[in-house]
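Beneath this line is the structure, given in C-alpha cells, with notes to follow.
All values below were derived from every heavy atom in this structure, side-chain atoms included, with hydrogens, water molecules and symmetry-related copies excluded.
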Amino acid sequence: MQLHLASEIPPDSPFRLEIQQRLHRGELTRVHHGTYLESNPADAQQITTEIHHVARAFGFASRSSKSTLSGISAAALHGLPMLASRLRGPITVTRKNPGSRRPSVMVSRAELRPEDITSVQQLPVTTLKRTIQDLASLVRPHELLAAADAALRQGASLEHLSEPRRQRRLLRWVEAHASERAESFAESWSRYIFIQHDVPLRLEQVSVFDTDGNFVARCDFGTELGVLGEFDGRIKYDRIAGSSEAAASMIMAEKQRETRLRELGWDVVRWNWVDLQQPAGLLRRLRRQLESAASAPPPRGFIRLEPVKRVKPPDWRSLFELL
C-alpha cells in the first residue's frame with residue numbers, strides 16, 4: 001500500500017489530475033485532508049484500524065508544524081496496543097496554543113519539554129514515557145496497563161511515571177504493575193483482572209518442562225502449584241493458511257499439547273474475550289483450580305521464565321512506501 005501526501009506531490013504531477021477519478025474507482029481512499037491511501041484489493045483486507053489511524057496521523061503532521069502527536073496517535077505510531085474504538089476517534093496532538101477546532105483533531109494544550117518529544121518515522125511524537133502519562137487521562141486502567149507493558153517490551157523506562165503528572169494514583173499503580181513479559185493486550189487485561197481480584201496466577205510466559213528437562217509447552221500464565229492459564233483468542237483457526245486442513249492440524253496439535261500437560265499433572269484453564277469483559281465466571285474457575293491444586297500432588301516437571309525478547313516499533317514509512 002502507498003500513502004500519498006499532497007504536500008509532497010509536485011504541482012505538475014499527473015497524480016493530482018487523477019485523484020478524483022481514482023477516488024471514484026475505489027483505487028484511493030481519502031484518510032485526511034490532502035492525504036490518500038492507495039491499495040490493491042489484496043492490501044485492502046490488511047488495512048486495519050491502526051493502519052488507517054496512523055495514515056491520518058501522517059497526513060495531519062505533513063500539514064502542521066506546530067503540533068506534536070501525542071496520546072492515542074502517539075501510542076499508535078509507537079506500536080502500543082489500542083482498542084479499535086480509540087483509533088477510530090480523532091488524531092490526538094499536543095501544542096502550546098489550541099489553534100482552530102476541528103472534529104478530526106483533539107488538541108491538548110501544553111508546553112512539552114524537549115525530553116518529552118522524540119522522532120518516530122520522521123514525525124514529532126511524544127516519547128513512550130510521556131505517551132503513557134498522557135494516556136492515563138484518555139483510556140481505562142486495563143488499556144493503560146497494556147500500553148505500559150508494550151512500552152516496556154520496547155525497552156522504555158517508566159520510572160517516576162507519576163511525577164509531576166495528573167492521574168498520579170493510577171500512574172503509580174501502573175508503574176508498580178507494568179510487565180515487560182506481557183505479549184498481547186489480552187494478556188495485560190487478564191493480568192489486570194488477576195491483580196484487582198488477588199488471583200495468584202502472575203507468572204507470565206512460562207515454559208513448561210518434564211522431569212527429564214524436555215520442553216513441553218509455553219503458556220501465557222502459570223503457577224508452580226500446577227495451574228496454567230491460556231487466553232484463547234490469538235489463533236484464528238479458520239484463517240490458518242486459508243486451509244481447513246491446516247486449521248484442523250493446528251487444533252489437533254493444541255489438543256495433544258494440552259493432553260501432555262495434563263498427563264504431567266498440570267491443570268489448564270482457558271478463557272476468551274467474553275470472559276475478560278465478564279470475569280466473574282473466570283474468577284470462579286481459577287479459584288476452584290487453584291484451591292484443588294494446593295491440596296493435590298505437585299505436577300511432574302517444572303516451569304521456567306525465559307528471557308524477554310525486545311520488540312521493535314512498526315516501520316510505518318516502509319509500509320506506506322514513504323522511503
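With salt bridges taken as basic N to acidic carboxylate O contacts below 4.0 Å, one links Glu258 and Arg270. The existence of a salt bridge linking Glu38 and Arg22 is confirmed by a sub-4.0 Å separation between a basic side-chain nitrogen and an acidic carboxylate oxygen. The residues Arg86 and Glu143 are annotated as salt-bridged, a charged nitrogen and a carboxylate oxygen being separated by less than 4.0 angstrom. Ionic pairing of Arg153 and Asp149 is not present here: no N-O contact between side-chain nitrogen and carboxylate oxygen is shorter than 4.0 angstrom.
Figure legend: Arg304 and Phe209 shown as a cation-pi pair, the cationic atom lying under 6.0 angstrom from the six-membered ring centre and within 45 degrees of its axis.
The cluster map of Ile, Leu, Val, Met, Phe, Trp and Tyr, joined by side-chain heavy atoms under 4.5 Å apart, puts Leu225 and Ile303 in different clusters.
Gln121 meets the side-chain hydrogen bond (donor to acceptor under 3.5 Å, both in side chains) test with no other residue; sequence neighbours excluded.
Within 6.0 Å of CZ in Arg310 there are more than 12 heavy atoms belonging to other residues, nucleotides or ligands. At most 12 non-hydrogen atoms from other residues, nucleotides or ligands lie less than 6.0 angstrom from CD of Glu224. In Glu115, the CD atom is crowded: over 12 heavy atoms of neighbouring residues, nucleotides or ligands sit closer than 6.0 Å.
Ring geometry for Trp273 against Trp189 counts as tilted: the plane angle lies between 30° and 60°, on a 0 to 90° scale.
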Practice item. Check the pair Glu187 / Ser179 against side chain to side chain contact (heavy atoms under 4.5 Å, CB included), numbers first and verdict last. Key: CA-CA 10 Å; Glu187 289 177 28; Ser179 168; over 6 Å; no
